[in-house]
Engineer: 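I have a structure here, written as structure tokens, and I will follow up with some questions on it.
As the structure is a computational prediction, the values presented were derived from the model and not from experiment. A note on names: the letters A, B, ... follow the listed sequences, proteins ahead of strands, and every chain is numbered from 1.
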There are 2 protein chains.
Amino acid sequence: MNKKRTTIKDIANELNISPAAVSKALHNDSRISTKTKAAVKRVAKELNYQPNHLASALRKGKSNLVGVVVPKTNSNFFSSVIEQLEAVLNKAGYNIIITQSNESFEKECKNIDTLLYTQVDGIIASMANETVDLSYYEKIKSNGIPLILFDRGENDLNVDYIGINDYESSHLIVKHLISKGCKRIAHIGGYKRTRIFNNRIKGYIDAIEKNNLPIDANLIIESSLTVEDGRHEMERLLELKNRPDAVYVASDNAALGALQVLNEHNIKVPEDIRLIGFGNEPFTSLVTPSISSIEQHSKDIGRLAAETFLKRIAEPELKQTLNKIILDAELIVRDSSR
Amino acid sequence: MNKKRTTIKDIANELNISPAAVSKALHNDSRISTKTKAAVKRVAKELNYQPNHLASALRKGKSNLVGVVVPKTNSNFFSSVIEQLEAVLNKAGYNIIITQSNESFEKECKNIDTLLYTQVDGIIASMANETVDLSYYEKIKSNGIPLILFDRGENDLNVDYIGINDYESSHLIVKHLISKGCKRIAHIGGYKRTRIFNNRIKGYIDAIEKNNLPIDANLIIESSLTVEDGRHEMERLLELKNRPDAVYVASDNAALGALQVLNEHNIKVPEDIRLIGFGNEPFTSLVTPSISSIEQHSKDIGRLAAETFLKRIAEPELKQTLNKIILDAELIVRDSSR
DNA sequence: TATATTTGCTTAATCGATTAAGCAAATGTA
DNA sequence: TACATTTGCTTAATCGATTAAGCAAATATA
């Protein structure tokens with residue numbers, strides 16, 4: 001077993017030239033003869049040379065690593081965003097380090113520290129539900145590396161952001177439900193402190209008012225949007241004297257929980273109550289009845305986030321400003337609201 | 001904005017001592033006085049010193065990064081394994097780089113190259129469905145860094161492996177179904193070339209024979225186990241003159257597809273046909289009827305994989321041998337087979 | 001008191017690749 | 001022919017932290 005890895009020095013010795021010449025040859029420097037380049041590349045292959053990334057990263061002051069912070073990778077949305085990030089960034093010579101916050105603020109801070117410590121060249125993040133204190137994100141900015149937010153972002157940070165139009169999504173949903181004859185539309189939403197959920201709530205309220213329906217505080221609920229939350233809040237809605245005839249849930253998981261409860265109570269969906277989720281996770285089309293939902297264009301978001309990062313790296317003189325890319329959301333109508 | 005980061009040299013200058021002393025003080029070397037250590041740490045804090053990971057990694061010959069290769073992060077199984085890997089390895093000072101193969105052999109090879117190039121100290125992997133050629137994994141071994149496989153592994157590589165007892169799982173399932181009176185049990189499995197799926201098939205066949213039921217080749221199917229495959233293969237099973245009275249599907253996704261088809265055909269589950277999946281993904285308890293499945297103990301697998309890696313690092317003299325940790329699987333009985 | 005040991009630091013080499021500076025030979029230009 | 005430029009390489013410094021080797025002062029031991 002060859003204990004030691006091949007270095008440029010080994011190649012240099014083999015050919016009786018200097019390591020510097022080898023380095024330049026491998027980078028196709030114009031001041032190296034074609035003959036030498038060929039020889040270097042041949043020997044490099046023979047000795048199975050693998051460049052030492054740490055050494056060049058140290059010397060060049062950049063690691064070619066991009067840190068990614070997401071709440072959890074097990075949703076189709078995040079894994080699909082990550083897939084695109086990887087595809088675009090790999091092509092540009094970057095690798096990504098993925099970390100999960102599990103929706104915990106504390107874990108998120110640890111992850112950011114870890115990434116900064118690993119000398120990443122930039123961070124692409126989507127915030128945990130819990131995150132309100134932005135000091136750790138300010139830390140990234142003051143470190144001088146690009147910070148790109150997606151989906152769960154925050155205007156106050158004044159950085160690049162890519163997401164969908166949450167406010168408009170709510171309008172799409174309410175309009176659709178009203179067109180189906182609904183008059184009492186409930187909203188099981190996320191917490192207002194998270195900007196995207198706040199936008200969905202605001203969109204919901206404005207759309208209801210715009211369509212001359214009354215606002216009923218009992219029909220507007222904030223939660224963490226887990227399956228369990230969906231179950232619990234749906235049970236509560238069913239206890240109301242005046243039940244809703246439609247429920248707009250701000251996540252597919254919570255919508256799934258709500259659907260279970262409706263099924264258990266033998267309430268017909270969509271006939272008795274119409275249901276709409278958010279995120280267009282694959283299971284929405286697989287459950288019975290299938291759940292209408294909002295497509296978030298995860299692939300576009302991933303691609304745009306990666307491209308935005310590369311743009312920042314290419315033009316570091318551009319000063320960081322709030323630069324939002326907002327994609328149009330799309331309502332996918334399925335059986336639960338037909 | 002402080003362009004330059006603080007280095008040990010800056011601290012050394014501030015205190016008029018050598019950089020070497022600073023390095024030792026920060027590592028609590030016994031040959032540095034308590035006074036100096038305190039001063040160094042105070043100044044390090046004042047100047048907001050962040051150690052340069054690349055430099056120490058280069059010098060020490062290790063990056064403290066561990067590469068992870070999985071087919072896709074969007075299942076609960078893999079994201080849960082990754083969560084545990086991260087937890088255990090972070091505690092030991094390692095960070096992880098996650099890559100997804102998307103079940104593509106080509107992508108998997110690229111990922112491995114990328115990880116080796118990034119100088120990871122080890123690789124923890126679960127193979128893509130497509131992977132048959134093991135040369136890339138041999139490349140990892142010949143690189144001298146530990147390789148740990150989990151779930152989708154391969155005996156021929158002679159490395160550490162952590163997984164559940166697939167063969168025994170099939171026995172559990174068949175036994176359970178027979179206890180419910182089933183006599184024609186079908187198996188929608190994965191491809192035999194993947195060891196775990198082959199073991200499930202062998203376990204299924206042996207269990208059927210052990211219970212004196214006839215083997216019917218029409219009831220044994222190989223596929224990629226996606227939702228679509230589950231749908232398609234279930235349709236085919238329903239076309240048989242002699243329909244099965246139970247279906248054991250080797251993945252939850254495919255089981256979900258099968259369940260959809262059964263629902264669409266108004267075939268009652270479990271009364272007419274019993275159904276069992278594999279993996280215990282959260283949605284199995286959420287669909288109607290809920291799907292019986294095999295719990296794979298993802299958290300244990302993640303923890304054990306991480307610990308195995310750390311053991312290899314701690315005792316590099318131990319020579320790589322086939323070292324399998326096989327966990328007992330657990331059958332979770334739900335409505336689809338009750 | 002004379003010698004041995006310990007303490008607390010410094011010096012300098014090192015990890016491997018990159019790159020500014022420089023030099024000799026080859027080639028071009030007047 | 002005399003000088004300028006280009007070509008093709010070498011030398012040596014550098015990135016920042018670590019560490020073997022060494023040295024002087026302080027302390028211990030006989």
Engineer: Going by an N to O cut-off under 4.0 Å, is there a salt bridge joining R303(A) and E307(A)?
Structural biologist: yes
Engineer: With a 3.5 Å cut-off and sequence neighbours excluded, list the donor-acceptor pairs that the side chains of residues 65-78 of chain B form with protein atoms.
Structural biologist:
residue, atom, partner, partner atom, Å
K72(B), NZ, E83(A), OE1, 2.8
N74(B), ND2, N76(A), OD1, 3.4
S75(B), OG, F78(B), N, 3.2
N76(B), OD1, N74(A), ND2, 3.4

Engineer: To the nearest 10 degrees, what angle separates the axes at the start and end of the helix from dT1(C)-dA30(D) to dA30(C)-dT1(D), five pairs each?
Structural biologist: 40°
Engineer: R31(B) has an atom CZ; how far is it from atom C1' of dA26(D), in whole Å?
Structural biologist: 13 Å
Engineer: Quick check: does any side chain N or O of N111(B) sit under 3.5 Å from a backbone N or O of Q100(B), one acting as donor and the other as acceptor?
Structural biologist: yes
Engineer: Please check: side-chain N/O of R193(B) versus main-chain N/O of N129(B), any donor-acceptor pairing under 3.5 Å?
Structural biologist: yes
Engineer: Flag this pair as yes if the NZ/CZ of R152(B) is under 6.0 angstrom from the six-membered ring centre of Y161(B) and inside a 45 degree cone about the axis; otherwise no.
Structural biologist: no
Engineer: Do any side-chain atoms of residues 37-45 of chain B form donor-acceptor pairs under 3.5 angstrom with protein atoms, and if so which ones, sequence neighbours left out?
Structural biologist:
residue, atom, partner, partner atom, Å
K37(B), NZ, D29(B), O, 3.1
K41(B), NZ, N28(B), OD1, 2.8
R42(B), NH1, E46(B), OE2, 2.9

Engineer: Does a donor on one side chain sit under 3.5 Å from an acceptor on the other, for T131(B) and E108(B)?
Structural biologist: yes
Engineer: Does the side chain of N95(A) come under 3.5 Å of the side chain of T118(B) through a donor N or O and an acceptor N or O?
Structural biologist: yes
Engineer: When rounded to the nearest 0.5 angstrom, what distance separates CD1 in I164(A) from CZ in F150(A)?
Structural biologist: 13.0 Å
Engineer: Between the main-chain N or O of S104(B) and the side-chain N or O of N102(B), is there a donor-acceptor pair closer than 3.5 Å?
Structural biologist: no
Engineer: Assess, by modelled atom type and distance only, whether the side chains of K141(B) and N158(B) contain a donor and an acceptor separated by less than 3.5 Å.
Structural biologist: no
Engineer: Going by an N to O cut-off under 4.0 Å, is there a salt bridge joining K110(B) and D113(B)?
Structural biologist: no
Engineer: Identify the pairs formed between an N or O of the protein and an N or O of nucleotides 24-29 of chain C at a distance under 3.5 Å, and give each distance.
Structural biologist:
none

Engineer: Quick one, give me the B/S/- string for nucleotides 15-21 of chain C, reading 5' to 3', where B means a protein heavy atom under 4.0 Å from the base and S means that only happens at the primed atoms, P, OP1 or OP2.
Structural biologist: BBBBBBB
Engineer: Would you confirm whether E130(B), through its side chain, and F105(B), through its main-chain N or O, come within 3.5 Å as a donor-acceptor pair?
Structural biologist: yes
Engineer: In residues 33-44 of chain B, which ones come under 4.0 Å of DNA chain C, going by heavy atoms?
Structural biologist: S33(B), T36(B)
Engineer: Could you state the atom-to-atom distance from CD1 of I32(A) to C1' of dT6(D) in whole Å?
Structural biologist: 14 Å
